[in-house]
Asker: 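Supplied in structure tokens, the structure appears directly below.
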Amino acid sequence: MIQQINHIGIAVRSLEERIPFYRDVLGLKYLGTEEVEEQKVRVAMFRVGEVKIELLEPTEESSPIAGFLEKRGEGIHHIAFQSDNLENQLSDLKNKGIRLIDEYPREGAHGTKIAFIHPKSSGKVLTELCQSGRKEE
Ligand code: ZN
């Protein structure tokens with residue numbers, strides 16, 4: 001079951017340049033930065049109420065975020081909904097004929113499990129589903 005919006009992913013060219021806007025100008029709680037090697041990104045997380053803002057900076061030219069920046073520039077990249085059971089959620093979506101980028105959960109930032117729905121099935125909005133791997137900060 002989808003429980004809430006977990007985070008909004010924003011593609012940026014430089015975390016260093018963008019972190020001050022969210023942390024110092026908007027005053028959101030900065031949760032830290034980590035590298036997610038599998039996705040070739042560095043991720044900075046902020047908390048605002050129940051929702052997080054995820055800034056994504058590519059670490060390599062072959063990163064999907066580098067491709068996004070080249071095509072569309074900086075901006076909102078995806079919306080992530082939180083599910084209480086990602087595997088069931090994915091098989092349910094498959095049964096409903098929804099195209100998935102990830103048929104099975106993979107590792108995301110901060111110990112979460114994530115999967116993406118194909119934009120063709122979601123009106124071009126890249127949609128992530130995630131399930132917390134541990135208690136939320
Ligand atoms: Zn995300």
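Each residue takes its place number in the sequence, starting with 1. As the structure lists them, so they are numbered: ligands from 1, and atoms in each ligand from 1.
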Asker: Of all N, O or S atoms in His78, identify the one at the shortest distance from the Zn ion (ligand 1).
Answerer: NE2
Asker: The Zn ion (ligand 1) to His77: any N/O/S contact under 2.8 Å?
Answerer: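 Given the 2.8 Å cut-off, His77 does not count as a ligand of the Zn ion (ligand 1).
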Asker: With side chains defined as the heavy atoms from C-beta onward, is the minimum distance between Val48 and Tyr22 less than 4.5 Å?
Answerer: no
Asker: Tell me, which N, O or S atom in Glu54 is closest to the Zn ion (ligand 1)?
Answerer: OE1
Asker: Taking Glu74 first and then Arg13, would you say they form a salt bridge - that is, a charged N and a carboxylate O separated by under 4.0 Å?
Answerer: no
Asker: Should Glu61 and Lys40 count as an ion pair when the cut-off is N to O under 4.0 Å?
Answerer: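 Result for this pair is no, no salt bridge flagged.
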Asker: Would you call Glu35-Arg42 a salt bridge at under 4.0 Å N-O?
Answerer: no
Asker: If you consider just the N/O/S atoms, which atom of Glu128 is the closest one to the Zn ion (ligand 1)?
Answerer: OE1
